[in-house]
Protein chains: 2
Amino acid sequence: MQITSRFTIAIHILVAIDYFKDMDRVNSEFLAGSTGVNPVIIRTVISRLREAGILSTQRGSSGANLTRPLSEITFYDIYRAVDSVDEQEGLFHFHEQPHPDCPVGGNIHTALDGKLDDIQHVMEERMKTITVQDVADDVLKAVREKSKEE
Amino acid sequence: MQITSRFTIAIHILVAIDYFKDMDRVNSEFLAGSTGVNPVIIRTVISRLREAGILSTQRGSSGANLTRPLSEITFYDIYRAVDSVDEQEGLFHFHEQPHPDCPVGGNIHTALDGKLDDIQHVMEERMKTITVQDVADDVLKAVREKSKEE
DNA sequence: GATAGTTGTAATATATCACATTACATCTTT
DNA sequence: AAAGATGTAATGTGATATATTACAACTATC
């Protein structure tokens, strides 16, 4: 299994919105071209980012506005915004009907749930330490490296 | 998305094999009852554990033998054994066709891949610190708690 | 050595989900 | 009013997880 590409798409979108903010009309068509993803998917990802308060948009009018700088948008914010992992269900799919009358089956949740939460938690905490600005910086760096080579 | 239940099933199975080792014939039918999972699924999970060298089985003959104590089987070992996350693909599904000629699309992998690997890595490292024995201990504890209550 | 019990595995079915796509109502800008 | 956007519903398609049936291969026991 894999975490949905909505997550990397959202990061890509945010970097692009910032990168091209003064140069182009950054509409869903443009972002679809940059990401190689269908424009409707772009719009739904943007919808989720909007619902999460990360950016704002106007019906009919092109482009999106960030509500805060990229340096204040963490990977965790995006992960939550685009529902990379369902908040209720959790990262691990637990088999659903362990037998309650079996000593193991009847106690496996008690014994295991906390440990699974732990694992998910370290992952999410690490996500909180990385921001979209970190990505934007590295994109810029790479762009400059390439232009040097010519 | 969620990590396949094969992971929790495998942990459940290993705890049960150990717990019942002197009491019952722990065959796939028995484990299917304890987990609430189809016996064929049980056998395929056991197959993977066998391929990973965690236990051995004999065709025709009931039961499985652990090749090492539960205290030496980590969550990471199981995670790898049952292919919870494809080793090639990684935890995050990257959108597949970012546009190479776009400054953002052409550099997003360079900028993002290492960060995604980092996140996956902290999760996997935490998995290495938890063993199936930890679960078995907590199952036993819970069993004893419940028997006290009577 | 015949029988019953078991594992290993292929083949198929079903449900769910991710992503693509079409279509269109709604809104903004010119 | 016309052109260009967004928001979103509806539908299609492919991939994947799990369940299930079926059976060959093997072991233990009577």
Side-chain angles (χ1 to χ4, degrees), chain A residues 1-10 12-13 17 20 24-33 35-52 55-65 79 82-86 88-98, chain B residues 1-10 12-13 17 20 24-33 35-52 55-65 79 82-86 88-98:
Chain A
M1 76 83 217
Q2 292 189 289
I3 287 178
T4 170
S5 62
R6 286 196 305 270
F7 180 69
T8 59
I9 293 167
H12 185 140
I13 286 174
I17 286 173
F20 294 109
D24 293 83
R25 274 187 315 185
V26 188
N27 57 25
S28 65
E29 205 67 40
F30 178 93
L31 293 168
T35 55
V37 163
N38 190 283
V40 177
I41 305 295
I42 299 291
R43 284 181 232 143
T44 64
V45 170
I46 285 181
S47 280
R48 309 248 199 157
L49 295 173
R50 173 163 32 75
E51 283 162 20
L55 48 71
S56 64
T57 56
Q58 286 179 340
R59 205 186 187 97
S61 168
S62 181
N65 299 301
Y79 163 87
V82 303
D83 256 327
S84 308
V85 168
D86 186 288
Q88 306 307 315
E89 301 287 339
L91 177 60
F92 295 93
H93 183 196
F94 211 113
H95 51 293
E96 284 163 24
Q97 306 186 325
Chain B
M1 74 85 217
Q2 292 189 289
I3 286 178
T4 170
S5 62
R6 285 196 306 270
F7 179 70
T8 59
I9 292 168
H12 185 140
I13 285 174
I17 286 173
F20 294 110
D24 292 85
R25 276 188 315 186
V26 187
N27 56 24
S28 65
E29 206 66 42
F30 178 92
L31 292 169
T35 56
V37 164
N38 190 283
V40 177
I41 304 295
I42 298 292
R43 285 181 231 141
T44 64
V45 170
I46 285 181
S47 281
R48 310 251 197 154
L49 295 173
R50 171 163 34 74
E51 283 163 21
L55 48 72
S56 64
T57 57
Q58 287 178 340
R59 204 184 186 96
S61 169
S62 183
N65 299 302
Y79 163 88
V82 304
D83 256 327
S84 309
V85 168
D86 186 287
Q88 305 310 313
E89 300 287 338
L91 177 59
F92 295 92
H93 183 197
F94 212 112
H95 51 294
E96 284 161 26
Q97 307 185 324

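All chains are named by letter (A, B, ...) in the order of the sequence lines, taking the proteins before the strands, and each is independently numbered beginning at 1.
For DNA chain D, the span of nucleotides reached by chain A at under 4.0 Å from its heavy atoms goes, 5' to 3', from D/dG4 to D/dT18.
Residue-level contact check: A/N27 touches the backbone only, with heavy atoms under 4.0 Å from sugar-phosphate atoms and none from bases. At a threshold of 4.0 angstrom between heavy atoms, the contacts of A/Q58 are confined to the sugar-phosphate backbone, with no base atom among them.
When all heavy atoms of A/H95 and A/P98 are compared, the pair lying nearest together is O-CD, 3.5 Å. Across every non-hydrogen atom of B/Y79 and B/V85, the tightest pair is OH-CB, 3.5 Å. In terms of heavy atoms, B/T57 sits closest to B/L55 at CG2-CD1, 4.1 Å. Residues B/F20 and B/V26 come closest through the heavy atom pair CB-CG2, 3.7 Å. Listed here is the closest heavy atom pair of A/V40 and A/N38: N-OD1, 2.9 Å. Nearest approach of B/V82 to B/A10, heavy atoms of both residues: CG1-CB, 4.0 Å.
In this structure, B/P39 and B/R43 have side chains that are in contact, with non-hydrogen atoms separated by less than 4.5 Å.
Across the protein-nucleic acid pair, A/I42 atom CD1 and C/dA18 atom P stand 16 Å apart, rounded to whole Å. Protein atom CD1 of B/I41 is 15 Å distant from nucleotide atom C1' of C/dT7, rounded to whole Å. Between the C1' atom of C/dC19 and the CG atom of A/D83 lies a distance of 16 Å, rounded to the nearest Å. The CZ atom of A/R48 sits 10 Å away from the P atom of C/dC19 (whole-angstrom rounding).
In this structure, A/S61 does not reach the C/dC27 phosphate: none of its side-chain N or O atoms is under 4.0 Å from OP1 or OP2. Within the structure, every side-chain polar atom (N or O) of B/S62 is placed at least 4.0 Å from both OP1 and OP2 of C/dG5. Close to C/dC19, at under 4.0 Å from its OP1 or OP2, lies a side-chain N or O of B/H93.
Proximity of a side-chain donor or acceptor of B/N27 to a complementary backbone N or O of B/F30 within less than 3.5 Å is detected.
Atoms CG and CD1, on A/L31 and A/I46 in that order, are 5.5 Å from each other to the nearest 0.5 Å.
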Would you tabulate the pairs of protein nitrogen or oxygen atoms and nucleotide nitrogen or oxygen atoms of nucleotides 9-14 of chain C closer than 3.5 angstrom?
from	atom 1	to	atom 2	distance (Å)
C/dT9	O4	B/R43	NH1	3.1

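Both B/V26 and A/G60 lie close to DNA chain C; mapped to their nearest nucleotides by heavy-atom distance, the more 5′-ward contact belongs to B/V26.
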